[in-house]
Amino acid sequence: MLIQQLVNGLTLGAVYTLLALSFSLVMGILGILNLAIAELFMIGGYLGFTLITAGFPLPVAVLGGMLGAAVIAIAIEKIGYQPLRDAPLVTPMLSTLGFSIILQNVATNIWGSDPAQLPDEYFGKQYAFGPVNIGEMQLIVLVATVVLVALVAYIVQKTPMGRALRAVAENREVARILGVSADRLTMLAFILSGSLAGVAGVLIALHYGTITPYLGVEIGLKAIAVMVIGGTRQIWGALVAGPLIGIAEVLTVAYGGSQVRDFVVYGFMILILLLRPQGLLGGARSDQGQRV
Amino acid sequence: MSTYYASLLAESGILLLGALSVYIILATGQLSLGNGAFMGIGAYLSSYLTVALNVPLTLALVISAIAAGIIGAIVAFPALRLKGIYLAMATVGFGEMVRSFFLNFDAMGGSGGYRGMQHISVGYVWLWAGGILIAVMLLERSRVWLEMQAVHDDETAAGLIGLNTTVTKIGAFGVGAAVAAISGGLFAHHNVYIEPANFGFDRSIEFVLAVILGGSTVGPGSLVGSLLLVFLPEFLRPIADWRLAAFGTLLIVVLLVRRQGILDRSLIRTLTFRRAAA
Amino acid sequence: MSNALLQLTGVTKTFGGIHALSGMVCEVPEGKIVGVIGPNGAGKTTLFNTITGAYRADAGEVKLKGVDVTQWPSYRIVREGIARTFQNIRLFGSMTVWEHLLVAQPHSESAWRRLLPIAWANPAAQERAEEVMAFFGLTELRDRPAKSLPYGIQRKVEMARAVTARPKLLLLDEPVAGMNHDEAEEIRALMIRLRDTGLTILLIEHDMNFVMRLCDYLYVLDFGVLIAEGRPEEVRANPVVLDAYLGKDS
Ligand SMILES: Nc1ncnc2c1ncn2[C@@H]1O[C@H](COP(=O)(O)OP(=O)(O)O)[C@@H](O)[C@H]1O
Ligand SMILES: [Mg+2]
């Protein structure tokens, strides 16, 4: 059932998009890979899960996951990024790796390493559109993704802070010379990115109805691939690459290729890195050589 | 020595080789987050050789190291175009591809894993680990190592003072991959069971962690890091559940206050001087 | 001219719309000190970069002793006999002075020897390093991290590193920039001593007076174009040169 698969792929793709957007907000603007985003996503998922099972409505769960992740993102920025901002870019990446290890360990100790299950009565409803069945949660994921992307787009494109962010993303040197207050921008990038990861976590945890502390690594690494495919210096690349990879994955699984799925996605990522480092959406490469 | 401690000691020897594999590549300024994959290649290949073809273990390890070294050099060739974080991301992708390959490699058990290897002693593990550590420490005093340092510090300038940076970088990747493969072969024959999950992202990260914590500018740093990662949890028994969080914290602290890791040239000098004076 | 060590014909390099170097023609005869002068942004450093293969020339040829090296990778050009320094000092951050002098030596030994500890396997390399260190007066600073040294000394370390490679031609990019008078005089004396050992030098310098008293021949660049050449006194008298200099800064 092709259309059904496309819808399923789109749902997965929506989550990839959110998470890849989360990675690329920091990567595109600061040039660093915040590896802890994967765990913010997982923690967001657990927070949402906990709130829902405690009887809170969905918006509260989403908000809870978002705030929790954003708060941790602030801590990461303050402790793990600020003091290392002048170090080689690999150094802050390693410090975010430290946070990622800590967060995974904390989650394992709080929630256990066995999968947590959501009872069936939550979001089990199915809607039929002709031959296509859409689960209630699937619908929520898709709608929430559209809303969130629109929100981020508004912040980045229309607000003064957002414009400053883009200026920095385009040229870090120029931004420094113009005296754009770098500290606040950095913080904004981390908060936006952390919030998105948190929400994405809530959505996917509720969608799958199950979660483990290893969710972050599984989906987070994939989201890094999605970001690269969309273009690391291209905040919006994820909008194309997310659905693309989501659908491609679901289709390969549906048509008997489940084994090669990861192989193909990561292979594609490496090809992009090598042959088109600006990503699918990126413009032409600049012809300015490195100065000697 | 109880079998428990013997097995911890073997584990640290295996980790030491993994850490050295990262260290050698890092010495040219390249960060690999995919060395778990080379370890996996060494584990699977050497196990196949000893179990299915009855090749003696030492020979199997050598063959695996050479094979992984060639694969490493082949991988490094396109990777020459990538730097810093982009290279790191590509190596993550490579690691995941290899893991996915072994998951589907039904001839050797796929996701079910592979068994049938002969158990090896901790002494044999450390014969390799110690030997390779000494070899690396000798290499650190050679011309080739200076060339690697030059590439690490300033690749463009290295080329412009007459160094063939391509050969240096590919060579480092090849040798690093070979050392990781030996680590994998020893792991397979110490554990006598392997599965693809043994060689994923977590493993690659563990190697990097050992290098960064122990000291990323001197070979013995990897030794310190490996012993620390394996034995520290023993002293942290009361908080055993939190040992990973402790390592994560330690990593952040080290990056913030002592970026070169616990051991560096000047600490080694102080320590050896004291010993000489005593 | 057949006795030219280095010969450039029509060398051109553009960046986007900028013609950093247009149809450069020049020759460096063996055993001489030749200067390249011109205002900031004239293309002098670009000239060095295309000679040493750091940039690929868009057109034209670079010949060393008649061998076309235009398309060669940098390291082969260096091994063929061209060593250089950089306008923005590029020493290796993790190395001592001594290590700089070892790492830049010609690659005559076999691969195996290069894998063994230097102390055992390369007595010749160590002798060479000692010799160059003494020549540049750096012996006292042997084990100091090169980047921790004062600016003027870092420039000397860079020159020494280039000289250990036993080049035929030494390219120096503003070797006395930012130095006081005494330091500059010391470098000038070193250059003359180097020339007297048979080394050929191509030198970029901003300061007219400095090159006047040092060079055997001068090339003047402006906006990537060779606007004048000749012996120092000829160049000094050339109105085109005065114009280029007075029209801009200094
Ligand atoms: N890698 C590069 N990318 C872009 N433009 C460059 C590059 N290198 C040099 N240029 C440009 O070429 C021109 C000549 O520069 P340069 O050779 O450094 O001048 P000089 O050394 O004479 O001061 C300048 O306009 C400079 O901006
Ligand atoms: Mg210049």
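Just so it is clear: chains get the letters A, B, ... in the order the sequence lines come, proteins before strands, and each one is counted from 1.
With a threshold of 4.5 angstrom between heavy atoms, A162(C) does not approach chain B through any atom at all. Using a 4.5 Å cut-off between heavy atoms, R161(C) touches chain B through its side chain atoms alone. Residue L116(C) touches chain B through its backbone alone, counting heavy-atom pairs closer than 4.5 Å.
Atom OG of S94(C) is separated from atom CZ of R265(B) by 6.5 Å, given to the nearest 0.5 angstrom. Within the model, atoms CG of D153(B) and NE2 of H100(C) stand 7.5 Å from one another, a figure rounded to the nearest 0.5 Å. Note that OG1 of T156(B) is 4.5 Å distant from CZ of R90(C), once rounded to the nearest 0.5 Å. For the atom pair CH2 of W98(C) and CG of L146(B), the computed distance is 10.5 Å after rounding to the nearest 0.5 Å.
The environment of R195(C) atom CZ is dense: over 12 non-hydrogen atoms of other residues, nucleotides or ligands sit within 6.0 angstrom. Within a 6.0 Å sphere centred on NZ of K83(B), other residues, nucleotides and ligands contribute more than 12 heavy atoms. Atom NZ of K168(C) has more than 12 neighbouring heavy atoms from other residues, nucleotides or ligands inside a 6.0 Å radius. Within a 6.0 Å sphere centred on CZ of F77(B), heavy atoms belonging to other residues, nucleotides or ligands number 12 at most. Within 6.0 Å of atom CZ in R141(B), 12 or fewer heavy atoms from other residues, nucleotides or ligands are found, so the atom counts as exposed in its surroundings.
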Side chain to side chain contact (heavy atoms under 4.5 Å, CB included) between E147(B) and V103(C), intermediate numbers included:
CA-CA 6 Å; E147(B) 293 175 18; V103(C) 75; 4.2 Å; yes

Give the intermediate values and the outcome of side chain to side chain contact (heavy atoms under 4.5 Å, CB included) for residues N164(B) and R79(C).
CA-CA 10 Å; N164(B) 187 340; R79(C) 292 180 195 183; 4.0 Å; yes

Begin from the C-alpha positions of F92(C) and I161(B) and carry the test side chain to side chain contact (heavy atoms under 4.5 Å, CB included) through to its verdict.
CA-CA 11 Å; F92(C) 300 118; I161(B) 64 158; 3.7 Å; yes

Tell me, with the steps shown, if W120(C) and L138(B) meet side chain to side chain contact (heavy atoms under 4.5 Å, CB included).
CA-CA 11 Å; W120(C) 310 347; L138(B) 288 177; 3.8 Å; yes

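G159(B) approaches V78(C) most closely through the heavy-atom pair O-CG2, 4.1 Å.
If you tally non-hydrogen atom pairs under 4.5 Å between each of R114(C), E99(C), R84(C) and chain B, the highest count goes to R114(C). With chain B as partner, the option from L115(C), N122(C), L91(C) having the largest number of non-hydrogen pairs under 4.5 angstrom is L115(C). Per-residue heavy-atom pair counts under 4.5 Å with chain B were compared for P73(C), S74(C), A121(C), P117(C), and the maximum is reached by P117(C).
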